[in-house]
Chemist: 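Next up is a structure, given as structure tokens.
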Amino acid sequence: MAFLLQFIAGNILALIIGAIVGSILNSIVRALFRRREVQSLPAILGSFLGVFLVAILPMIGQPLLSGDAYAAIILNFILVILIPLGSILGGIIGSVFGLLFSNRLSLKQGWISFVGIYLFLVAGFYLKDLRAPEPPLLAESLPLVSTVPNESPYVCCMAFSPDGRRLAVANSADVRIWQIDSGKVLISLKGTPHTKMNIEREQIEAIAFSPDNTTLATATAQIIKVIDSKTGQLLHQWDGGGDVQFTPDGRTLVGFIKPAAENAQASLRAWDVKSGKILQTIPLKRSDIDRPFPIFDISSKGDSLIVAPDYGNRIEKWDLNTGKLQQTWASEQQGQITTLALTPDDQTVILAQHNSLLFLSLSSGKIIKKANAYSVLNLMVDQREDQLLSENRSELMLWQLPTGDRLAQWRLSRTLGIASKPVVLSPDGQLLATYTHEGPIKLWQLKSESSSRGQR
């Protein structure tokens, strides 16, 4: 029903735009060629088809990623570029058609041509859907284990504790750590209210537990904090942000240092968690500064970093101990890398690029597997089961590593919030936490302990 309403609304919008743009273009053609007998209908219908084909069908076929950082950019691109472009090009083609064939084709023949083209486009759209049936809803496929109250509509990110018993939730500048089984708040750290906060310095973009469960790291765009996860005491505060990750031994924390000046050197920095001392600073060559933060992952041994420094297709491997660049690769596929993750054996890096997941062998530098996955924004690795979850705000896919075979696929709610990671996986791979605007954070059972043991 929702799809039908979207389809009808899209047709009405295209018809209104087509009527306006087509009439204007037809008036221009009449004036230029001094042909007052040229009817406006071909220009209007052509403009309608242009908007329908270039903007409306793509929007219906791939809904905007609700709550995603790129959603506003995509919407603006459609409104400012695609709709005017489609309406003008379609209107021009319709006007030329009317100019050339107005004396040769009857009104009935013109309508038959229009209806034929329209039905062809709609049929092609539906045949696409028949080839790729819609996956089931997550809520209809996985059992709901429990819920965590959502005390703010501005959930920015979440993280499970290593033992899977606690969930840290960042509500803008606030941080709460919840006990999952009891639903009680263990720690509540209040920040500035969302309406008064300095977003660059106070809105939390990333959150992570240390592997030993003792500390919690948070990152805004400009500030990194390390907090005692049991008492809430602030242990360290450093300049930096965007993302934070602990090394597997929990002794080192890695974060991004944004340059103060636009042309200054950006870098990744590693700190000693216990002493707070800087261990290493890794300079990054960023050809595209539009991406606010680089994407990186830490190897399972904690001795190296895989980094996508900007929106290009380049990735780098850095030695975390020496700060030296070890290797550079360029993806064979063009388009921005939106996220990446290392496989548990550190032999392969998975890249989310355009409409694909690319499995890049670090030893050969070649793509060994390519899988279709639209606009993936987050990757979550289950190291115990050698499985991977990909999320794009509208769908969740489960993959087998290292083969890249897709095991399962679910649809997510279209009301996902502004969270940078609205879906997180527990360390044991058994629970999923999802956040939407509609209510509490929900915990789903991805697999049971017995089934997990049976797969090993």
Side-chain angles (χ1 to χ4, degrees), residues 67 146-246 250-258 269 271-276 293 417-424 426-427 431 433-437 439-443:
S146 62
T147 60
V148 173
N150 179 18
E151 299 186 2
S152 167
Y154 300 105
V155 171
C156 295
C157 48
M158 305 179 289
F160 279 100
S161 62
D163 59 11
R165 297 178 179 177
R166 295 179 292 168
L167 182 70
V169 179
N171 301 100
S172 293
D174 302 340
V175 177
R176 292 177 180 85
I177 299 179
W178 297 83
Q179 185 74 31
I180 291 175
D181 55 4
S182 66
K184 294 182 179 179
V185 178
L186 301 177
I187 291 177
S188 180
L189 304 174
K190 293 289 184 179
T192 306
H194 184 79
T195 54
K196 299 179 181 179
M197 64 186 289
N198 181 328
I199 292 179
E200 285 286 308
R201 295 185 61 84
E202 297 179 271
Q203 179 166 296
I204 297 172
E205 304 286 344
I207 192 168
F209 276 97
S210 64
D212 62 3
N213 248 340
T214 60
T215 54
L216 183 75
T218 66
T220 70
Q222 296 180 352
I223 300 292
I224 292 174
K225 293 181 181 181
V226 179
I227 302 162
D228 187 303
S229 65
K230 295 182 179 179
T231 65
Q233 178 185 357
L234 179 64
L235 303 177
H236 304 293
Q237 179 171 311
W238 306 305
D239 291 335
D243 192 12
V244 281
Q245 292 185 36
F246 286 95
R251 297 177 180 177
T252 305
L253 184 71
V254 179
F256 176 60
I257 302 298
K258 192 174 182 179
R269 182 164 290 174
W271 292 271
D272 183 277
V273 174
K274 186 175 182 180
S275 67
F293 313 110
I418 64 170
S420 57
K421 294 183 178 180
V423 179
V424 290
S426 64
L431 295 179
T434 62
Y435 155 68
T436 72
H437 283 311
I441 294 166
K442 297 180 180 180
L443 302 178

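Computed from heavy atoms alone, side chains included, the values below leave out hydrogens, waters and symmetry copies.
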Chemist: Measure the CD1-CG distance between I177 and L216 for me, rounded to the nearest 0.5 Å.
Modeler: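 It is 5.0 Å, given to the nearest 0.5 Å.
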Chemist: Quick check: closest heavy atoms across V244 and L253, and the distance to 0.1 Å?
Modeler: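 Taking every non-hydrogen atom into account, CB-CD1, 4.1 Å.
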Chemist: At their closest point, which heavy atom of A433 faces which heavy atom of L443, and how far apart are they?
Modeler: CB-CD2, 3.4 Å
Chemist: Once rounded to the nearest 0.5 Å, what's the spacing between atom CG of D174 and atom NZ of K190?
Modeler: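 One gets 5.0 Å once the value is rounded to the nearest 0.5 Å.
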Chemist: Which atom pair, heavy atoms only, marks the closest approach of G242 to A219?
Modeler: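 Looking at all heavy atoms of both residues, the shortest contact is N-CB, 4.0 Å.
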Chemist: Donor-acceptor pair, S229 side chain versus T214 backbone, under 3.5 Å?
Modeler: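 Here the side-chain-to-backbone pair exists.
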Chemist: Given side chains that start at C-beta, do those of T434 and I441 come closer than 4.5 Å, heavy atoms only?
Modeler: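 Sidechains of I441 and T434: no contact.
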Chemist: Please report the interatomic distance OG1(T218) to CD(E205), rounded to the nearest 0.5 Å.
Modeler: 11.0 Å
Chemist: Hey, does V169 have a side-chain heavy atom less than 4.5 Å from the side chain of Y435?
Modeler: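 Y435 does not reach V169 side chain to side chain.
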Chemist: Quick check: are there more than 12 heavy atoms from other residues, nucleotides or ligands sitting under 6.0 Å from CG of D163?
Modeler: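 Enclosed: over 12 neighbouring heavy atoms sit under 6.0 Å from CG of D163.
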Chemist: Distance check, rounded to the nearest 0.5 Å: T252 atom OG1 versus D272 atom CG?
Modeler: 6.0 Å
Chemist: What is the minimum heavy-atom distance between L234 and I227, and which atoms define it?
Modeler: CD1-CG1, 4.3 Å
Chemist: Give the minimum heavy-atom separation between W238 and G276, together with the two atoms involved.
Modeler: NE1-O, 3.4 Å
Chemist: What's the shortest heavy-atom distance between P427 and S161, and which atoms?
Modeler: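 Distance-wise, the nearest heavy atoms are CG-O, 3.3 Å.
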Chemist: Would you compute the distance between atom CD1 of I204 and atom CD1 of I223 and round it to the nearest 0.5 angstrom?
Modeler: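 Nearest 0.5 Å value for the CD1-CD1 distance: 11.5 Å.
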Chemist: Side chains of R166 and N213 only: does a donor on one sit below 3.5 Å from an acceptor on the other?
Modeler: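 Checked: R166/N213 side chains pair up, N/O donor to acceptor below 3.5 Å.
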Chemist: How long is the gap from CZ on R251 to CG on D212, to the nearest 0.5 Å?
Modeler: 10.5 Å
Chemist: Do the side chains of I180 and F160 get nearer than 4.5 Å, heavy atoms only?
Modeler: yes
Chemist: Quick check: do W271 and V226 have side-chain heavy atoms less than 4.5 Å from each other?
Modeler: no
Chemist: Can a donor-acceptor pair be found, under 3.5 Å and without considering hydrogens, that links the side chain of S210 to the backbone of G250?
Modeler: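 Side chain of S210 to backbone of G250: no pair is present.
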